Amino acid sequence: MSTRLRLAQCGLSAGKKARLHRILYKHGLGNGTALFLPYDQGLEHGPRDFFADPIAADPKYIIRLALEGGFNGIAIQIGLAEKFYWDYAGEVPLILKLNGKTDIPSDVSPLSPLHASVEDAVRLGADAVGYTLYVGSPAQEADFAQYRSVRQDAQRLGMPLIVWAYPRGEAIEHKGGKDSFYAVHYAARVASELGADVVKVNFPHPEKRTAVPTAYAEEFSSQEAIDAVVRAANRTMVLISGGGRAGDEVMLEKAQESMSAGATGLIFGRNVWQREHDESLRLVDQLRQVLAKYPTP
Ligand SMILES: O=P(O)(O)OC[C@H]1O[C@](O)(COP(=O)(O)O)[C@@H](O)[C@@H]1O
């Protein structure tokens, strides 16, 4: 289904539609696909993520990289948005991440607390908000309740809601793991059931089959798995996460399979900025070439 059709059929408010239209058609390739730059890892993982290329610790450098690379948007936390986005407001869309946590506590029962609001996003000129939902966490009940208040605010204020649907916690570790096909497939469906406008998922790994429900125990190719994930999200647009550093070939194949499955786009962070500037732009250019093959005018 084309992005425009999705926007037309989803009963979105005019505010959500206008913002999504701006992100998808006025930035990036302008063809209905999206390439986002996530930069919340300083909170989620700590400064260790910047060791590979220390300049990446500088938020100004990253925002400029997003502009230079022709990204559709940059996802950052409130502190960086307030101190750094102002200089570039409107030049590259802002996705304000509303919740987040450190990785210092164990991942047994994760919950990502809120520290910004949809009102903050409106004030800062954001075109979308991001919420991390830990699908299957023992703290899921509190997470769902917190998510509900964000969804209602986003609905009221016409702000598109992007859900980082991340299977996490003790239970999923015993059922294939957080990036098994079973886990990612389920997460995509959960985000759609819970009213996300866009869902961001990890690329599924069908080979991770230990203790998964029997329906997932047979062999699936990675293309079959990502096809099913995008279908599971139905009218919710899908973005595929980058994950930790991997080879360029692996990343390009992931991009190709995701777009061919009908994903709206990619949200690659560490694989883009954990390297020298020219190398970052070279990978971005290759990713844009993949997106250019899947326009949804
Ligand atoms: O899988 P983890 O460790 O929770 O990673 C979370 C991080 O991954 C992202 O979702 C995507 O970024 P990357 O492309 O760097 O993986 C970030 O927004 C977030 O900080």
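As the structure is a computational prediction, the values presented were derived from the model and not from experiment. For ligands, and for the atoms within them, numbers begin at 1 and follow the listed sequence.
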Take the angle between the ring planes of Phe50 and Tyr39 and call it parallel below 30°, perpendicular above 60°, tilted in between.
tilted
Any non-hydrogen atom of Arg168 lying under 4.0 Å from ligand 1?
yes
Distance, nearest 0.5 Å, that separates CZ of Arg168 from CD of Gln140:
14.0 Å
Does some non-hydrogen atom of Val272 fall short of 4.0 Å from ligand 1?
no
At under 4.0 Å between heavy atoms, is it the side chain or the backbone of Ile267 that contacts ligand 1, or both, or neither?
backbone
Does ligand 1 have any atom sitting under 4.0 Å from a heavy atom of Asp40?
yes
Select the closest option to atom 11 (C) of ligand 1 among Met251, Lys200, Lys97, judged by heavy-atom distance.
Lys200
What part of Arg270, side chain from CB on, backbone N/CA/C/O, both or neither, has a heavy atom under 4.0 Å from ligand 1?
both
Contacts of type ring-ring contact (aromatic ring centres under 6.0 Å, His included), residue Phe268, not counting sequence neighbours:
none
Among Gln41, Lys178, His45, which residue places a heavy atom closest to atom 5 (O) of ligand 1?
His45
For ligand 1, is there an N or O atom under 3.5 Å from any N or O atom of Tyr166?
yes
Give a yes or no answer on whether the side chain of Trp273 reaches the backbone of Ile55 with a donor-acceptor pair at less than 3.5 Å.
no
Among residues at least two apart in sequence or on other chains, which ones pass ring-ring contact (aromatic ring centres under 6.0 Å, His included) with His277?
Tyr61
